[in-house]
Undergrad: 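Have a look at this one before I ask anything.
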Number of protein chains: 2
Amino acid sequence: MTTANEMLDQLREKGSRITTARRLVVSTLMGASGHVTAEELAATIQEQHPEVHLSTVYRTLDSLEKLGIVGHTHVGHGPSVYHVGVTHQHLVCEECGAVIDVPADMLEGLRDTLHAQYGFELHIGHFALLGRCALHPHVQTVRISP
Amino acid sequence: MTTANEMLDQLREKGSRITTARRLVVSTLMGASGHVTAEELAATIQEQHPEVHLSTVYRTLDSLEKLGIVGHTHVGHGPSVYHVGVTHQHLVCEECGAVIDVPADMLEGLRDTLHAQYGFELHIGHFALLGRCALHPHVQTVRISP
DNA sequence: TTAAATGCAAAGAATTTGCATAACA
DNA sequence: TGTTATGCAAATTCTTTGCATTTAA
């Protein structure tokens, strides 16, 4: 589990500086339910620290993403949501059985959509995604007009 | 399979009018590889018909989406891609076995991402997505700090 | 003829960037 | 002290909208 301090440490190790704004972004993100927009984050922070600008929030989130400890997801239209942490998903080739590991945040969009639309909690890792790997693509069938 | 003429017919049935711009949007979309942005569509059309405006393309795509015969997907950042046709995906509740049908375009984003990132062709319908339905959500465990 | 669609320009929403100033290390 | 980060404003990108004009039915 990533704690706020561990996240700040990772920034420090990268050579970044720890500022009030960054401390606030990190702790607010950790305190949030899991998926927040940059604007929501900024609004929460600005209740106590109105000087922290939205662009700073975006820049801090960007730095954290480059560290791989934060991700963002496009949920339909509107702004992206940001979240902490990483997990995995498996892709299995139906032809050769090859297994490809995929970071869970590639499924965040689907997860959010299914939850929003159906109240369905997607359990990734509990299933594999089937298909064809790059080495064994489907042969495309051309449909002749009848 | 939906043909360009069938799509125009559906617009007509809805009480819409068939214009040159709409004919062009429909036929260009059908002729496209499958996933095109509004701008790409407009650019292609404008090679022959420079008077067709991007906003008209957006409006036509919008009408077709409301008919349910066109969908658009957010693929990462950048503009959305538009495509024709509909399929289904099944969600299965691990607790009660309930099955929920989901239109395939909810998985288009995932499909595009997996293909772009891994060259993996996702075969939806060949697998079910497991999880918890709205009636049987997971109880959230609160982690006490150690 | 008349309601619907178009072209254009301008507005909107989300995010990024340039730059002078502030502040961490 | 020397970068790095910030705040602000302005620019960008994608999409939508208002409105006068054109066009299909």
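Numbers restart at 1 for each chain; the letters A, B, ... are given by sequence-line order, proteins then strands.
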Undergrad: Let me spell it out: for each of B:V52 and B:H77, pick the nucleotide of DNA chain C with the closest heavy atom. Which residue's pick is nearer the 5' end?
TA: B:V52

Undergrad: Please tell me if A:T19 has a side-chain N or O lying less than 4.0 Å from either OP1 or OP2 of D:dT4.
TA: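 The answer is no; no side-chain N or O of A:T19 sits under 4.0 Å from OP1 or OP2.
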
Undergrad: Less than 4.0 angstrom from a charged side-chain N to a carboxylate O is my criterion; do B:D9 and B:R12 meet it?
TA: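 The answer is yes: the pair qualifies as a salt bridge.
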
Undergrad: Describe the nucleic acid contact of B:T37 in one word from base, sugar-phosphate, nothing, applying a heavy-atom distance below 4.0 Å.
TA: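 If one applies the 4.0 Å heavy-atom cut-off, B:T37 turns out to touch nothing in the nucleic acid.
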
Undergrad: When you measure from the side chain of A:A21, which nucleotide among C:dA9, D:dT6, D:dT15 comes out closest?
TA: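 Shortest atom-to-atom distance from the side chain points to D:dT6.
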
Undergrad: Taking only the side-chain nitrogens and oxygens of A:S80, find out if one of them lies under 4.0 Å from OP1 or OP2 of C:dT15.
TA: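 Yes, A:S80 has a side-chain N/O under 4.0 Å of OP1/OP2 on C:dT15.
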
Undergrad: Identify whether any heavy atom of A:R59 sits under 4.0 Å from a base atom; if not, whether one sits that close to sugar-phosphate; answer base, sugar-phosphate or nothing.
TA: base

Undergrad: Send over the distance from A:E39 CD to C:dA14 C1', rounded to a whole Å.
TA: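 Checked: the CD to C1' distance equals 8 Å.
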
Undergrad: Is there side-chain contact between B:S63 and B:K14, with heavy atoms separated by less than 4.5 Å?
TA: yes

Undergrad: Given C:dT15, D:dA9, D:dA5, which nucleotide is nearest the side-chain atoms of A:R22?
TA: D:dA5

Undergrad: What is the distance, rounded to the nearest whole Å, between atom CZ of A:R17 and atom P of C:dA22?
TA: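 Between P of C:dA22 and CZ of A:R17: 16 Å.
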
Undergrad: Using heavy atoms to find the nearest nucleotide of DNA chain D for B:H72 and B:S16 separately, return the residue whose nucleotide is more 5′.
TA: B:H72

Undergrad: Using whole Å, report how far NZ of A:K14 lies from P of C:dC24.
TA: 17 Å

Undergrad: Answer yes or no: does a side-chain N or O of A:S55 lie under 4.0 Å from OP1 or OP2 of D:dG7?
TA: no

Undergrad: The side chain of B:P79 lies closest to which of these nucleotides: D:dC14, D:dC8, C:dT6?
TA: D:dC14

Undergrad: Side chains of A:Q10 and A:I69: does their closest heavy-atom pair fall under 4.5 Å?
TA: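 In short, these two side chains touch, coming nearer than 4.5 Å.
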
Undergrad: Whole angstrom is fine here: how far is it from CZ in B:R23 over to P in D:dA24?
TA: 8 Å

Undergrad: Under 4.0 Å between a side-chain N or O of A:T56 and OP1 or OP2 of D:dG7?
TA: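 So the side-chain polar atoms of A:T56 do come within 4.0 Å of the phosphate oxygens OP1 or OP2 of D:dG7, strictly under.
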
Undergrad: Roughly how many Å is it from CG in B:L11 to P in D:dT23, rounded to a whole number?
TA: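 Distance, rounded to whole Å: 19 Å.
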
Undergrad: Rounded to the nearest angstrom, tell me the gap between atom OH in A:Y58 and atom C1' in D:dG7.
TA: 16 Å

Undergrad: Taking C-beta and beyond as the side chain, do A:V36 and A:V81 meet within less than 4.5 Å on heavy atoms?
TA: no

Undergrad: Touch check for A:E51, heavy atoms < 4.0 angstrom, all strands: base, sugar-phosphate only, or nothing?
TA: sugar-phosphate

Undergrad: Just how far, in rounded Å, is P of D:dA5 from CG of A:L54?
TA: 18 Å

Undergrad: What is the distance, to the nearest angstrom, from the NZ atom on A:K66 to the P atom on C:dT16?
TA: 9 Å

Undergrad: Between B:G78 and B:I18, just flag the one whose closest nucleotide in DNA chain D comes earlier from the 5' side.
TA: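 Final value for this comparison: B:G78.
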
Undergrad: Could you walk me through whether B:E65 and B:H72 pass the side chain to side chain donor-acceptor pair (under 3.5 Å) test, one step at a time?
TA: CA-CA 8 Å; B:E65 277 200 276; B:H72 79 271; 2.8 Å; yes

Undergrad: When you measure from the side chain of A:H49 to the backbone N and O of A:E51, does any donor-acceptor pair fall under 3.5 Å?
TA: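 No, A:H49 side chain to A:E51 backbone: no donor-acceptor pair under 3.5 Å.
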
